[in-house]
Amino acid sequence: MALSFRICSSPLICRATLSDGDNSRNHHAIDAAFIRRAADLAEMSAGFTSPHPNFGCVIATSSGKVAGEGYLYAQGTKPAEALAVEAAREFSRGSTAYLNMEPGDCHGDHTAVSALVQAGIERVVVGIRHPLQHLRGSAIRELRSQGIEVNVLGEDFESKVLEDARKSCLLVNAPLIHRACSRVPFSVLKYAMTLDGKIAASSGHAAWISSKLSRTRVFELRGGSDAVIVGGNTVRQDDPRLTARHGQGHTPTRIVMTQSLDLPEKANLWDVSEVSTIVVTQRGARKSFQKFLASKGVEVVEFDMLNPREVMEYFHLRGYLSILWECGGTLAASAISSSVIHKVVAFVAPKIIGGSKAPSPVGDLGMVEMTQALNLIDVCYEQVGPDMLVSGFLQPIPDLLPVIPSEDATVEIDPSVDPFEPSIIFFYKTWDLYGSFSNFSPHPIRMPCGGENDDYMTWSSVEHYYQANKFVGVENPMAHECVEKIRTARSPEEAALIGRSTLRQKPELVRNDWEDVKIEVMYKALKCKFATYPHLKSMLLSTVGSVLVEASPHDLFWGGGREGEGLNYLGRLLMQLRSEYLGESSVSAEKSSSA
Ligand SMILES: NC(=O)C1=CN([C@@H]2O[C@H](COP(=O)(O)OP(=O)(O)OC[C@H]3O[C@@H](n4cnc5c(N)ncnc54)[C@H](OP(=O)(O)O)[C@@H]3O)[C@@H](O)[C@H]2O)C=CC1
Ligand SMILES: Nc1c(N[C@@H]2O[C@H](COP(=O)(O)O)[C@@H](O)[C@H]2O)[nH]c(=O)[nH]c1=O
């Protein structure tokens with residue numbers, strides 16, 4: 001059955017009534033319809049932040065009416081379940097909540113579960129369990145312990161229609177599911193071709209094959225990916241920008257894969273003022289050009305064996321979850337042969353360019369008979385302006401039921417479970433085991449803005465506070481505006497984006513003493529966070545004896561870097577805070593023993 005992945009155009013919270021057909025007595029069909037709607041809602045957050053779990057929730061009354069809906073905008077914002085019950089108000093009582101995925105209560109605050117319990121929800125239907133082992137099953141257990149009936153698709157009941165609904169839940173969080181059971185990021189090959197199967201004219205000219213509307217869809221695809229990758233020849237021919245030009249939201253890292261490193265000195269990708277570029281190349285290639293790129297702020301990574309699999313395994317280790325391949329046919333063929341492409345998205349334009357030498361989307365795969373052709377699965381067809389968008393999967397999304405059958409059996413197949421030495425605790429993504437230590441964790445703090453304004457304000461995360469402080473106390477209305485924009489940013493990622501890009505683009509708005517005070521600013525915010533949330537303080541104290549390292553491969557100041565080359569200031573400040581707490585408790589223990 002083909003799954004359609006329409007981006008929902010309805011507002012965040014909407015009220016809708018099921019059509020008569022959906023209102024049938026067939027419980028499976030009703031459950032399936034609502035779960036699919038929850039998955040559609042979840043899809044709405046894709047593209048606003050770097051991939052993270054996408055959650056949607058629908059509250060339906062016993063008569064099959066939608067009482068409320070919600071989706072998680074980004075990590076740190078209100079959970080989908082809380083938004084949905086808020087929208088449903090008194091209609092939540094006795095209703096059923098449909099969730100595309102089990103909530104991951106990674107911060108121990110049970111916000112999603114509490115929202116459902118307090119609203120009087122009677123039954124919860126879950127599309128899939130949480131794919132990450134340390135989070136899997138805990139919200140379901142908690143809901144059941146509160147007397148709520150919980151049904152998980154594929155576990156408590158099965159049918160074709162429910163199977164399809166479950167599949168839509170797997171797809172909407174495909175990058176995360178891949179992270180749980182694979183060693184390469186989820187990769188999509190996207191191209192635009194003419195009706196006669198060419199991705200450029202014989203001259204190499206390709207701007208443009210697809211329509212403006214299709215290219216806008218490409219910006220959305222880029223915005224939903226961690227990185228976009230092209231080969232060296234595409235850089236030489238097209239001089240692409242590879243940015244997601246659709247307003248606010250996530251912009252993916254640009255990756256160039258080149259063996260020769262024979263690239264032009266002037267290229268749009270070397271402008272890293274808005275977003276970074278990483279060039280991956282063969283060890284030893286054109287050392288002088290490597291230096292030139294480094295001087296431009298472009299990172300160069302050398303490989304002994306430059307091939308798509310090695311490159312993808314490397315980016316998986318660096319924390320990339322999803323990659324969009326926008327390369328030409330030569331690199332595409334190599335990536336498909338290496339089995340790193342999971343999905344294909346092709347825009348077919350009603351144009352004919354001809355040319356026996358004009359390139360096609362996929363180069364030589366060594367196949368000689370049509371019976372060897374790779375068949376796509378779950379194919380979708382959609383008209384986009386004048387073009388036809390055909391998409392489908394080359395490899396199925398892993399099915400969590402057989403792949404991850406139980407909590408006990410998962411350690412072996414989940415490479416993220418415990419990949420590190422026990423004496424070092426790494427933390428990075430907020431949903432990781434110690435993710436609450438991250439600046440991005442959703443723990444609001446109340447602190448004065450700093451500067452002349454001593455009023456206490458609520459900051460949605462440490463990251464909001466930290467980024468805003470770059471511009472505090474600067475006598476310029478634009479700096480004030482920037483502080484407010486960061487304070488009201490809907491997610492830590494958005495706050496970071498505004499803070500970092502303003503620092504790069506308008507350095508005059510940054511306070512003069514920023515470099516001197518930034519560690520102190522961070523420490524103050526961390527102290528406030530751990531003092532505000534006792535369970536976080538306990539978590540920090542539980543790490544005594546372990547070194548804390550922020551496993552950010554990019555941030556060599558706050559993070560530990562890829563191979564320990566980073567300064568790890570965030571880890572250090574947390575250890576300092578931990579020592580402070582230990583000092584306090586030993587002083588109070590001394591006092592009580594001497595009393
Ligand atoms: N319509 C569309 O959607 C698109 C069209 N195009 C068009 O396609 C043409 C370029 O096609 P093509 O040369 O295939 O594209 P690419 O440049 O994307 O891929 C080939 C290049 O990738 C690099 N490379 C590194 N490792 C490998 C490897 N293991 N296997 C293969 N390549 C590797 C090499 O760069 P190096 O030579 O530097 O070592 C190689 O020349 C251009 O005309 C461009 O306009 C490109 C993208 C999309
Ligand atoms: N020609 C072509 C595409 N080409 C891809 O887009 C890149 C250019 O991106 P940018 O510089 O950001 O606009 C180019 O290098 C290639 O990867 N894409 C499409 O959707 N449709 C098209 O017709």
If you apply the rule salt bridge (charged side-chain N to carboxylate O under 4.0 Å, His left out), what do you find for Glu382 with Arg217, and how did you get there? CA-CA 12 Å; Glu382 187 190 343; Arg217 288 290 288 272; 3.0 Å; yes
Using only heavy-atom distances, determine whether the side chains of Trp270 and Thr277 contain a donor-acceptor pair under 3.5 Å.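 Side chains of Trp270 and Thr277: no pair found under 3.5 Å.
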Looking only at the side chains, is there a donor atom on one of Ser211 and Ser214 sitting less than 3.5 Å from an acceptor on the other?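 The answer is yes; a qualifying pair exists.
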Should the heavy atoms of other residues, nucleotides or ligands under 6.0 Å from [atom1] of [X] be counted, would the total exceed 12?
| X | atom1 | value |
| --- | --- | --- |
| Met367 | CE | yes |
| Asp516 | CG | yes |
| Lys287 | NZ | yes |
| Gln576 | CD | yes |
| Leu261 | CG | yes |

By ring-ring contact (aromatic ring centres under 6.0 Å, His included) - contacts of Tyr569 (at least two apart): Phe557
Going by ring-ring contact (aromatic ring centres under 6.0 Å, His included), name the residues that satisfy it together with Phe315, two or more places apart in sequence or in a different chain. Tyr320
Begin from the C-alpha positions of Ser203 and His205 and carry the test side chain to side chain donor-acceptor pair (under 3.5 Å) through to its verdict. CA-CA 5 Å; Ser203 64; His205 188 254; 5.5 Å; no
What about the rings of [X] and [Y], do their centers lie closer together than 6.0 Å?
| X | Y | answer |
| --- | --- | --- |
| Tyr428 | Trp558 | no |
| Tyr191 | Phe347 | no |
| Phe427 | Tyr434 | no |

So, taking the atom named [atom1] in [X] and the one named [atom2] in [Y], what distance separates them when rounded to the nearest 0.5 Å?
| X | Y | atom1 | atom2 | value |
| --- | --- | --- | --- | --- |
| Ile519 | Arg572 | CD1 | CZ | 8.0 Å |
| Leu570 | Asn439 | CG | CG | 5.0 Å |
| Lys343 | Gln395 | NZ | CD | 13.5 Å |
| His316 | Ser182 | NE2 | OG | 6.0 Å |
| Thr502 | Ile486 | OG1 | CD1 | 6.0 Å |
| Met388 | Ser210 | CE | OG | 14.5 Å |

Does any pair with a residue in residues 433-444 pass salt bridge (charged side-chain N to carboxylate O under 4.0 Å, His left out), and if so which ones, sequence neighbours excluded?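 Listed once each, the pairs would be none.
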Among pairs that include at least one residue of residues 321-334, which meet salt bridge (charged side-chain N to carboxylate O under 4.0 Å, His left out), considering only residues two or more places apart or in two chains?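 Qualifying pairs, neighbours excluded: Lys190-Glu326, Arg222-Glu326.
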What residues, two or more places apart in sequence or in another chain, satisfy side chain to side chain contact (heavy atoms under 4.5 Å, CB included) together with Arg309? Val184, Asn307, Glu313, Ser338, Ser339, Val340
Partners passing side-chain hydrogen bond (donor to acceptor under 3.5 Å, both in side chains) against Tyr523 (at least two apart in sequence or in another chain): Glu580
So [Y] and [X], do their side chains get closer than 4.5 Å, heavy atoms only?
| X | Y | result |
| --- | --- | --- |
| Arg254 | Val275 | yes |
| Lys470 | Arg511 | no |
| Asn469 | Phe471 | no |

Check the pair Arg318, Glu299 against salt bridge (charged side-chain N to carboxylate O under 4.0 Å, His left out), reporting the backbone distance first and the verdict last. CA-CA 14 Å; Arg318 277 184 73 157; Glu299 186 183 346; 2.9 Å; yes
